[in-house]
2 protein chains.
Amino acid sequence: MMECEEFKPDQHKKEMMAVQDTMDVLRGKWKITILSSICFYNKRRFSDILNDVHGISNKMLSKELKELEINQLITRTVIDTHPVTIHYQLTEHGKTLRTIIDNLTEWGKRHRRKIIGS
Amino acid sequence: MMECEEFKPDQHKKEMMAVQDTMDVLRGKWKITILSSICFYNKRRFSDILNDVHGISNKMLSKELKELEINQLITRTVIDTHPVTIHYQLTEHGKTLRTIIDNLTEWGKRHRRKIIGS
DNA sequence: CAGTATCCGAGTAGATACTG
DNA sequence: CAGTATCTACTCGGATACTG
């Protein structure tokens, strides 16, 4: 047996771990949709996102936003109006998800055609 | 990095639905990793995947494989040996996930560097 | 406006044991 | 080898009500 065959599976394990890492960050029913909404509008407030993301509850939105912030994908900015306004925005790191979001969108459309068509 | 282009909000709603569709298909702790394993080896047996995907139980693997098959991402082929051998393979439709898997892998590595480095 | 608090059912997932 | 069966704990997520 060639040594590359020993090396490749090992490399593959690392790749699979990387995929898992990403999926852990994006887990939850709403995360990608929330990111997509913030990305689309650049800046977005809590209640706006609540309207954008069809079906989400304020409890879940609050929770998902916190997790996204912990993972440094979004920032939360308090603006000193009365009452206070909160702006959510993508970080530079968060913006690097753009390609993935686009791919997921494209694939979703294709999948729908495939499943309905069959 | 790119910014989100100006679509009409109505168009954006459809895009978000498409993302949701994809995430619904890929939901579950192990699906992407399983696909990644099958993809890497082209053909893969049940117990092989069980070894590839670190931490998964046979119950979960069985369940996830069924769902992937229902969504027409993989095929299950029974080969008449003794005892029988089962081959799992990606369908053509399943193979279209390749780009997404690669992107998720790349992003996972970048994210790890980002989080550990901060 | 931007969230919290609480209750609860449904689904997810692990451990272990068993089957053809 | 390729799964099922069962039991159990944990988490997800919805509904409703409440706060500064």
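Residue numbers start from 1 in every chain, and the chains themselves are labelled A, B, ... in the order their sequence lines are given, proteins ahead of strands.
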Base, backbone or nothing for each nucleotide of nucleotides 15-20 of chain D, written B, S, -, heavy atoms under 4.0 angstrom, 5' to 3'?
BBB---
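Between Trp30(B) and Thr85(A), the residue anchored nearer the 5' end of DNA chain C, judged by the nucleotide with its closest heavy atom, is Thr85(A). For the pair Leu65(B) and Glu64(A), nearest-nucleotide mapping onto DNA chain D gives the more 5' position to Leu65(B).
As the counterpart of dT12(C), dA9(D) is assigned, both hydrogen-bonding distances of the Watson-Crick or G-U wobble pattern falling under 3.5 Å.
Atom CG in Leu50(B) sits roughly 14 Å away from atom C1' in dA15(C) (whole-Å rounding). Following rounding to the nearest Å, Lys63(B) (NZ) and dT6(D) (P) show an atom-to-atom distance of 18 Å. Straight-line distance from the CD1 atom of Ile79(A) to the P atom of dG3(C): 12 Å, rounded to whole Å. Counting to the nearest Å, the P atom of dA2(D) and the CG atom of Asp80(B) are 13 Å from each other. One atom, CG of Asp24(A), and another, P of dT11(D), lie 14 Å apart when rounded to the nearest Å. Atom CZ in Arg27(A) sits roughly 18 Å away from atom P in dG11(C) (whole-Å rounding).
Residue Arg76(B) is classed as a sugar-phosphate contact, given heavy-atom separations below 4.0 Å to backbone atoms only.
One finds the OG1 atom of Thr33(B) at 11.5 Å from the CD1 atom of Ile49(B) (value rounded to the nearest 0.5 Å).
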